[in-house]
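Below is one structure, written out as structure tokens; the observations come after it.
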Amino acid sequence: MGSRDGRQREASIHDNGCADDDINLHNLSPSNKSSDSGIYGAVFNLTTTVIGAGIMALPATMKVLGLVTGIVLILLMGILSEISVELLIRFSVQCKATSYGEVVEQALGSPARILSEICIVLNNAGVLVVYLIIMGDVMSGSPRHSGVFIQWFGANGFWENRRLIILIALVVLLAPLCALDRIESLSVTSAASVVLAIIFVIVACVVAFIMVIEGKTDPPRLIPDFSSEQAILDLLVVIPIMSNAYVCHFNVQPIYNELEGRSPQKMNKVGRLTTVICVFIYWSTAVAGYLLFGNNTEADVLTNFDKPLAIRFSEGLSYIVRVGYIFHLILVFPVIHFSLRQTVDALVFKGAKPLSKSRKRCLGLTCVLLMLIYMASTMIPSIWTAFKFTGATTAVSLGFTFPALIALRLGGGSNGLSSQERLFSWVMLVLAIMVSIVGVVSNIYSMQE
């Protein structure tokens, strides 16, 4: 009887690419339980992964989509992303996978794993480049906006050198945090980054509320503008940017691996709390930013705060918003860098001992990656340029395409998908492919304009 059960189990593993029973990962990653991340630390780390530079582009997407459409789309994207995260966790545990690439390999094979890891590298590197661009915009200014340092200290100083300022921030502030080799070590800085993001949202909302009450804002558009070819093109470009807002899937497994008393149910709670927090922060930021600046809303809304607003103490508030969010990005940066470094290590040093066991390799990869990210940040003109391409390609693939394919491929057996889950996975896959195609085509077309 036992032999027959064993053969049935082996057949199930062969058919589905992983075991059908619900397997806990306690023994798969060497971690000390006393130092494992608790549920709130996991929420902070996952929320920090989600809320980064993308929040600065949301008011501009609201300008294109209109308030009603934008609010609905932010909610729908949050729900879709949360369901895809739950599917990813479910099948990762089922397959004993400890990374995004491993569960992709179990479901789709080695070539798909390599492709998914390349997507993680491109997506995360693009996001980190955007962070440095925003830091440069805020501290040293851009062609159309004044930087904080110029406003504080005047012109004709080294602080006008955008590349130098970014390099100093990278070496002095970012590199020490990026050198840490456990994501759990970043839970405190992640909590601080979430607090800074909330402060930004509160200030922006209070200022917007005051200006609306005093009648100092223009009436917002409620639905998209279809009146011209350019307006339609802007709408097609902005949808992939919106899909970029919730991509955190590459950090789900590392956070799960260090979650105290980990289980799929507990990680689902982490994901749901994170989604609720992010939806409210995104709603508040997008609406407040659009109400404040209307049709003048920039791709990076932080740059709009370089001029006084029509309320008392606006100059001080603008400094709080800009400087506070720079520190937020500084604390977010190492969380995104962590999964980037882990993925590059898996691609380049496949089969080597874990990165946490090789301090020299960890520091070497960190230095190389930071240098490449810095060089890219000096060549890309704006965050809109970066987001519209990563949103249509890597972000959609990581957040929706791969999770849907994983669920459809591994969703057989006793722990397989229900009919509703299977239908949802197909819908998510079709939508992801459509968004990718439309986004890439519209981006290419807009470049030729």
Side-chain angles (χ1 to χ4, degrees), residues 5-31 36-37 42 46 49 81-120 183 247-271 339 342-343 345-347 350-352 354-356 397-418 421-422 424-426 428-429 432:
D5 290 343
R7 287 194 299 270
Q8 290 175 343
R9 178 177 172 81
E10 289 175 3
S12 174
I13 293 173
H14 180 268
D15 291 340
N16 291 329
C18 53
D20 282 337
D21 55 331
D22 192 14
I23 300 169
N24 199 286
L25 293 182
H26 278 293
N27 300 320
L28 295 179
S29 59
S31 61
D36 278 351
S37 176
L46 195 59
T49 305
S81 180
E82 167 55 23
I83 295 174
S84 69
V85 165
E86 292 191 12
L87 289 173
L88 186 63
I89 282 294
R90 174 178 170 182
F91 290 107
S92 296
V93 173
Q94 186 173 303
C95 294
K96 302 182 182 180
T98 58
S99 70
Y100 191 100
E102 284 185 20
V103 68
V104 171
E105 183 175 19
Q106 291 276 8
L108 306 170
S110 296
R113 172 177 181 162
I114 294 173
L115 179 60
S116 71
E117 290 175 338
I118 291 173
C119 285
I120 293 174
I183 197 167
V247 175
C248 60
H249 301 64
F250 47 81
N251 260 351
V252 167
Q253 278 92 351
I255 292 171
Y256 179 82
N257 294 343
E258 297 181 11
L259 181 64
E260 182 180 355
R262 52 189 174 270
S263 68
Q265 294 76 21
K266 193 169 185 178
M267 190 63 195
N268 288 344
K269 183 177 180 180
V270 170
S339 57
Q342 295 292 106
T343 306
D345 182 69
L347 280 169
K350 187 175 182 179
L355 193 59
S356 59
S397 298
L398 294 172
F400 303 106
T401 306
F402 281 119
L405 290 173
I406 289 167
L408 292 170
R409 176 64 183 85
L410 301 179
S414 59
N415 285 329
L417 298 174
S418 65
E421 289 173 329
R422 187 170 294 276
F424 173 82
S425 297
W426 276 112
M428 184 166 62
L429 179 61

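For the numbers below, each heavy atom of this structure counts, side chains included, while hydrogens, waters and symmetry mates do not. Small disclaimer: the values here were computed from a predicted structure and weren't measured.
In this structure, Ser92 and Gln106 have side chains that are not in contact, with every pair of non-hydrogen atoms separated by 4.5 Å or more. You'll find the side chain of Leu87 reaches within 4.5 Å of the side chain of Met428, heavy atoms only. With contacts defined as side-chain heavy-atom distances shorter than 4.5 Å, the pair Phe91/Pro403 does not qualify. A 4.5 Å side-chain heavy-atom check between Val252 and Tyr100 finds every atom pair outside the cut-off. The side-chain heavy atoms of Gln342 and Ser99, taken from C-beta on, include no pair separated by under 4.5 Å. In this structure, Met267 and Ile255 have side chains that are in contact, with non-hydrogen atoms separated by less than 4.5 Å. Side-chain contact check for Phe250 versus Thr343: every heavy-atom pair is 4.5 Å or farther apart.
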### Message
Run the side chain to side chain contact (heavy atoms under 4.5 Å, CB included) test on Val103 and Phe402 for me, step by step, so that the C-alpha distance in whole Å, both residues' side-chain angles and the decisive distance to 0.1 Å come before the verdict.
### Response
CA-CA 10 Å; Val103 68; Phe402 281 119; over 6 Å; no
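The side chain to side chain contact (heavy atoms under 4.5 Å, CB included) check on Glu421 picks up Arg90, Leu417, Ser418, with sequence neighbours excluded. Here Glu105 pairs with Ser110, Arg113 under the side chain to side chain donor-acceptor pair (under 3.5 Å) rule; sequence neighbours left out.
Scanning all heavy atoms of the two residues, the minimum distance from Ile114 to Leu347 falls at CG2-CD2, 4.2 Å. Closest of all the heavy-atom pairs between Gln253 and Leu88 is NE2-CG, 3.8 Å. Taking each heavy atom of Glu117 and Ala346 in turn, the nearest pair found is OE2-CB, 3.8 Å. Contact detail for Glu82 and Asn268: the closest heavy-atom pair is OE2-O, 3.8 Å. Listed here is the closest heavy atom pair of Ser425 and Ala404: O-CB, 3.5 Å. Nearest heavy-atom pair across Glu102 and Ala97 is OE1-CA, 3.5 Å.
Atom CG of residue Leu429 and atom CG of residue Leu405 lie 5.0 Å apart, to the nearest 0.5 angstrom. Rounding to the nearest 0.5 angstrom, the gap separating the CD atom in Glu86 from the CD atom in Gln265 is 10.0 Å. Considering OG of Ser397 and CG of Leu115, their distance stands at 7.0 Å, rounded to 0.5 Å.
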